[in-house]
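Encoded as structure tokens, the structure appears first; notes follow it.
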Protein chains: 4
Amino acid sequence: MRRDVSNRKLRAGIVGGGQGSFIGAVHHVAVELDGQAEVVAGAMSTDPQRAAASAKAWYLDRSYAPNHMHFPAAKAFLEQGIHVVSDKPMTFSLDEAQELAKIVERSNLVYALTHNYTGYPAVRQARYMVRQGELGDIRKVLVEYIQDWLMTPEEKAGNKQAAWRNDPTKSGIAGCVGDIGTHAENLLEFITGVKIVSLCADLSTFVEGRLLDDDANMLLRLDNGGKGVLTCSQVAAGEENALSIRIYGSKAALEWRQMEPNTLIFKAPKQPGQMLRTGLSYMSEEAKQLTRLPAGHPEGFYEAFANIYKLVIADIRRVQEGQQPLGGYPNVYDGLRGIQFVYKSVESSKKGSVWIDM
Amino acid sequence: MRRDVSNRKLRAGIVGGGQGSFIGAVHHVAVELDGQAEVVAGAMSTDPQRAAASAKAWYLDRSYAPNHMHFPAAKAFLEQGIHVVSDKPMTFSLDEAQELAKIVERSNLVYALTHNYTGYPAVRQARYMVRQGELGDIRKVLVEYIQDWLMTPEEKAGNKQAAWRNDPTKSGIAGCVGDIGTHAENLLEFITGVKIVSLCADLSTFVEGRLLDDDANMLLRLDNGGKGVLTCSQVAAGEENALSIRIYGSKAALEWRQMEPNTLIFKAPKQPGQMLRTGLSYMSEEAKQLTRLPAGHPEGFYEAFANIYKLVIADIRRVQEGQQPLGGYPNVYDGLRGIQFVYKSVESSKKGSVWIDM
Amino acid sequence: MRRDVSNRKLRAGIVGGGQGSFIGAVHHVAVELDGQAEVVAGAMSTDPQRAAASAKAWYLDRSYAPNHMHFPAAKAFLEQGIHVVSDKPMTFSLDEAQELAKIVERSNLVYALTHNYTGYPAVRQARYMVRQGELGDIRKVLVEYIQDWLMTPEEKAGNKQAAWRNDPTKSGIAGCVGDIGTHAENLLEFITGVKIVSLCADLSTFVEGRLLDDDANMLLRLDNGGKGVLTCSQVAAGEENALSIRIYGSKAALEWRQMEPNTLIFKAPKQPGQMLRTGLSYMSEEAKQLTRLPAGHPEGFYEAFANIYKLVIADIRRVQEGQQPLGGYPNVYDGLRGIQFVYKSVESSKKGSVWIDM
Amino acid sequence: MRRDVSNRKLRAGIVGGGQGSFIGAVHHVAVELDGQAEVVAGAMSTDPQRAAASAKAWYLDRSYAPNHMHFPAAKAFLEQGIHVVSDKPMTFSLDEAQELAKIVERSNLVYALTHNYTGYPAVRQARYMVRQGELGDIRKVLVEYIQDWLMTPEEKAGNKQAAWRNDPTKSGIAGCVGDIGTHAENLLEFITGVKIVSLCADLSTFVEGRLLDDDANMLLRLDNGGKGVLTCSQVAAGEENALSIRIYGSKAALEWRQMEPNTLIFKAPKQPGQMLRTGLSYMSEEAKQLTRLPAGHPEGFYEAFANIYKLVIADIRRVQEGQQPLGGYPNVYDGLRGIQFVYKSVESSKKGSVWIDM
């Protein structure tokens with residue numbers, strides 16, 4: 001997004017996400033949801049015709065053609081002084097990720113990565129409660145991200161996204177772990193504030209002929225002495241987008257499920273379980289600021305995604321006014337950590353599912 | 001919305017819904033969500049300063065001051081050839097509602113009323129399944145809309161919306177029944193296609209000093225011989241926005257709950273219950289067209305609201321091109337029926353909760 | 001049950017409930033569950049062969065043949081100085097019910113009626129919390145008992161129980177209302193401690209050729225000024241045994257569902273909802289005494305039924321020792337009230353669903 | 001249980017489980033629940049006074065004093081020609097387990113181990129559906145058994161069971177894994193019919209001063225090429241008795257949760273999820289035979305436990321009549337496998353959480 005100085009909407013351009021990509025439309029909605037920014041230009045496809053058609057469908061004035069890699073695009077924009085919000089994967093390789101981190105460090109620009117699940121108010125509430133010490137020491141974390149959309153070889157059936165996801169020249173060294181496992185890893189570290197220090201990963205490819213993993217189970221050890229399990233799958237029959245996390249501390253526990261995102265369950269021994277709900281007055285200030293509607297009016301995926309943009313837009317305005325950005329959205333270091341996680345998971349599994357330090 | 005002819009976004013103006021009103025922001029988001037229309041002007045408050053501030057917050061070019069009644073505003077716009085999307089209550093009185101229906105009939109304009117819960121894909125799926133005969137004859141309907149936001153006399157505690165809701169000179173003859181009971185009535189008739197032919201209503205005012213009802217229970221008789229219960233409350237402790245409907249037919253049943261809106265439960269005797277989920281391939285075409293995201297990515301209140309606008313915008317474009325509008329959104333007759341329902345409920349209750357024909 | 005004086009199990013006889021009756025086996029299990037009583041004699045069928053076979057299957061020493069009516073059997077036992085636990089309906093007619101009440105009053109015997117749902121620990125907890133004032137004044141009660149086992153004319157298909165239930169010469173004046181509506185009525189009054197003072201009932205017979213009601217909706221007014229809705233059905237497709245109650249007070253609310261009986265939900269405005277669970281230390285003493293297993297080990301229908309017997313057995317022992325019985329189980333007055341409720345419901349409906357005082 | 005030949009109840013003796021032990025009472029209830037056997041003698045405590053008091057409370061004619069170990073008791077009974085139903089752990093050591101297996105093999109007696117969760121009808125239904133091929137090849141199994149009753153050092157606070165569980169001289173080499181981890185292992189193999197071939201286990205002791213594990217996470221590999229995760233904990237705040245299993249196959253998936261035991265969820269790609277419920281006609285014959293009540297009347301822990309006894313009693317009668325036993329309950333080999341699982345888990349963890357073949 002361009003540096004704007006006047007009292008008007010920020011202007012945004014979008015790279016990738018042309019017609020047929022659901023995530024492109026999500027970005028479009030999310031940028032504009034709060035009326036604080038508008039998409040004015042797009043380079044939405046490597047295919048110039050598709051790019052133009054996509055731009056026209058959104059009534060954009062300007063259309064360009066991009067290449068398809070996140071890193072060179074981000075790098076180019078940052079070098080032009082343009083703030084960047086990037087989809088995952090942040091880069092193709094670990095080297096690129098490290099280079100990008102340096103570029104961002106040298107700039108005075110906002111860089112955000114759409115680990116969008118951190119945008120849910122209930123996730124913020126969970127982080128807040130952990131920070132307040134309501135759980136005590138984190139002992140055990142169970143985090144899952146389970147889907148079924150690759151149960152059959154969709155990549156051979158003309159599904160473009162499936163083809164891309166399972167092509168190592170485009171997705172890199174991992175399939176399921178890179179696509180959704182990193183969201184689980186990010187969520188665990190985002191909420192708990194503890195870091196994974198080592199892991200033992202068992203990656204599987206259940207669909208014949210597939211080149212990358214479509215399922216993984218991992219044991220985790222955390223830097224505070226806690227333990228964890230991370231499981232992800234894209235071949236789990238009947239599962240839609242089942243991201244969930246359960247966090248057990250020495251005092252209490254929390255449970256959150258993305259498919260019912262406005263509820264956060266808090267449990268403590270010998271007390272009735274509590275159902276915390278977004279939109280109610282007992283929620284933390286941060287959770288309330290990221291909730292737009294009264295309790296009981298469900299907010300969902302778009303709104304959580306838009307919350308990332310909301311925080312980014314506020315930071316861009318701060319930077320424009322010469323103030324320090326406040327962050328609060330996933331940044332280049334979160335992206336770097338995600339790519340390290342993918343590399344370590346693959347390394348562990350290749351060596352026979354042995355323990356590897358992060 | 002103005003009649004537009006070129007290939008560009010439709011331009012919309014918004015009346016009412018200034019700062020402090022949650023529903024104003026919902027309209028703003030909903031109009032623009034799909035990138036097919038934009039709000040360009042507003043008359044968002046009877047207070048000129050508040051109107052101007054509201055317009056500025058949304059970067060609108062033009063700001064006006066409205067009066068606060070839905071009927072004169074709608075009438076004025078229609079007479080200027082401007083399509084109208086109106087919030088409930090459609091009008092203050094039954095007379096006005098009947099007049100408005102005639103105005104719309106005479107015009108060639110789109111008029112929609114935001115019985116927004118009909119915008120949920122699962123609600124459309126329910127209607128589809130009833131129409132397909134999957135439930136058989138409708139025998140029994142249980143519909144509820146339960147909240148707690150008026151449990152205490154908020155209207156005396158400076159809550160502007162509560163004050164307005166409980167002031168008969170502004171809200172008309174009913175409180176809870178007019179505010180949310182009509183949504184329940186509309187949902188019942190929308191999904192089942194059967195009409196309420198008579199009702200026996202017991203309205204209550206539980207909070208001392210309140211002028212209008214804050215709770216109601218009703219027995220219903222349906223034009224196909226079926227029976228029903230409608231209950232609504234704004235003093236039901238701990239309830240957020242619990243709109244739900246259960247429909248029992250001679251063959252099977254459906255259950256839907258607004259607070260988990262992407263699930264529709266189908267039950268038949270001696271068969272496993274089924275959980276139908278929005279975003280999946282087995283849903284009806286209509287439900288799929290009103291779903292933006294893959295299954296498991298929750299869509300909520302904004303998206304359902306935006307679905308009303310989506311249908312309206314498509315109809316405005318049809319009208320602009322000289323085609324017949326297709327409808328599919330609540331219209332002026334639904335609004336008229338809602339006001340009749342309120343009148344009949346109040347009449348029944350005042351006469352000692354006797355049966356009244358609709 | 002015979003008056004026993006020594007330190008040994010109580011001895012019980014069972015009338016009715018022979019092979020093919022599920023409720024007979026429930027009584028057998030329930031009497032003996034805690035090892036405090038044993039069934040030693042039975043008169044389990046009007047058909048002597050069936051009676052003998054039923055007794056043999058349970059290894060009973062003595063078998064008799066009963067007639068099939070609850071009232072003469074209960075009367076005969078009471079007149080012999082034998083304590084009685086009776087299934088519903090307590091009697092065939094209101095006259096008999098009034099006579100039975102007098103017989104019990106004159107005796108020094110225990111008489112219990114198996115409104116067995118009051119035996120669930122979570123129901124006792126709900127009653128306790130209402131009595132403690134945790135809900136404030138009861139404003140609104142929604143009670144339901146919904147099934148689908150009579151969706152088709154089972155009574156014509158050789159289902160003995162269905163035939164009996166729908167035969168006015170055996171079941172009396174009501175079908176669904178008498179069979180399950182009374183359980184709902186009893187549960188409402190048991191938990192809340194308030195009484196229904198008037199009702200407006202709409203009874204239906206949806207299955208063609210059926211002689212008694214198979215569905216009913218009712219508006220209720222309570223003696224404390226509260227309001228209620230009672231709905232029951234035996235033609236609600238896909239419903240198993242869906243008894244539930246929701247109680248809204250001026251301070252807070254409770255919700256309980258028989259099909260997940262170990263959970264009680266407590267809701268108050270602006271507080272997280274609470275899930276109270278049987279077996280945990282925060283439950284009331286009474287609830288704990290009626291729970292046999294640690295939390296998380298589900299107890300169900302048998303155990304709730306056995307709780308009625310547990311309380312009855314304790315009272316029989318008290319009476320044997322010359323002490324006052326403590327009660328706590330549904331008694332002859334609850335039975336009388338249930339029959340009044342059935343009479344008033346039928347009267348209301350027959351007169352056009354008008355209000356009738358209880 | 002004694003070999004009985006006549007048409008009368010089987011007579012059972014109980015060893016251990018005296019006053020203060022919840023599981024003793026469960027056995028008592030479970031043996032007698034169906035009226036096919038009765039407890040006539042007990043050796044319910046190593047403390048003769050407590051043994052006598054326990055026997056008196058149950059009105060038993062005969063009371064003895066036992067030692068506290070399962071193996072010598074089982075061995076002694078089997079050598080006396082008495083059928084045995086034993087609680088877990090089957091024996092203290094692997095050597096004993098192997099010896100016991102040989103003793104049972106040489107006898108013509110029934111030996112059952114109360115892996116009682118296999119007694120739930122929904123668990124039988126799950127096994128049936130897997131066997132019928134409805135899931136296709138098993139790819140991924142997630143099995144959990146999570147509690148919180150040892151969150152604090154109960155063993156130092158006078159809790160006898162906690163003290164025993166955490167004393168290696170009484171419980172053997174494992175705590176949580178031996179107590180509940182084996183139930184999870186058994187459930188996985190019981191339902192899926194596949195075997196764990198290797199595991200990588202990370203056992204933890206979170207409560208300071210505790211001698212045995214109170215938590216474990218494990219990766220599993222299955223003999224059909226499938227993968228799994230097993231997690232168990234007794235320090236998971238707010239969890240009661242959360243045993244659950246999710247099984248993902250190449251065609252469909254199943255999910256079952258012990259705390260809502262009458263529901264089995266079946267999911268297949270692009271189909272509505274199904275809720276199978278015990279007591280309904282579509283269930284398998286085996287599930288129906290282990291269900292006593294009509295659908296919607298919850299059966300729970302006692303009834304599942306009694307199902308083990310039901311199968312055992314039927315086999316004892318078969319053996320008495322010279323027929324082959326049919327099995328269907330956990331036997332001495334399941335017990336042996338459970339102890340191997342515990343040994344391998346501990347070995348894996350001690351060696352640094354490396355992979356160990358079973």
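Quick caveat, the model's predicted, so the values are computed rather than measured. In what follows, chains are A, B, ... by sequence order, proteins preceding strands, each numbered from 1.
- Between Glu299(B) and Glu299(A) there is no side-chain heavy-atom pair separated by less than 4.5 Å.
- Interface residue Val26(A): only side-chain heavy atoms are found under 4.5 Å from chain B.
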Tyr302(B)/His297(A) under ring-ring contact (aromatic ring centres under 6.0 Å, His included): CA gap, chis, key distance, verdict: CA-CA 9 Å; Tyr302(B) 280 120; His297(A) 299 73; 9.7 Å; no
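- There is no contact between Phe305(A) and chain B, counting heavy-atom distances below 4.5 Å.
- Annotation: the span from Arg8(A) atom CZ to Lys56(B) atom NZ amounts to 15.0 Å, rounded to 0.5 Å.
- A 4.5 Å side-chain heavy-atom check between Glu260(A) and Pro298(B) finds every atom pair outside the cut-off.
- In this structure, the side chains of Glu240(B) and Leu280(A) come closer than 4.5 Å at one or more pairs of heavy atoms.
- Residues Arg277(A) and Met259(B) are in side-chain contact: their nearest non-hydrogen atoms beyond the backbone lie under 4.5 Å apart.
- In this structure, Phe22(A) and Pro294(B) have side chains that are in contact, with non-hydrogen atoms separated by less than 4.5 Å.
- Of the listed residues (Gly296(B), Ala242(B), Ala57(B), Gly35(B)), the greatest number of heavy-atom pairs within a distance under 4.5 Å of chain A belongs to Gly296(B).
- At least one side-chain heavy atom of Leu33(A) sits under 4.5 Å from a side-chain heavy atom of Leu33(B).
- For the options Gln147(B), Arg292(B), Glu38(B), heavy-atom pairs under 4.5 Å to chain A are most numerous at Arg292(B).
- The closest side-chain heavy-atom distance from Gln36(B) to Tyr59(A) is below 4.5 Å.
- Residue contact with chain A, scored on non-hydrogen atoms closer than 4.5 Å, is absent for Ala25(B).
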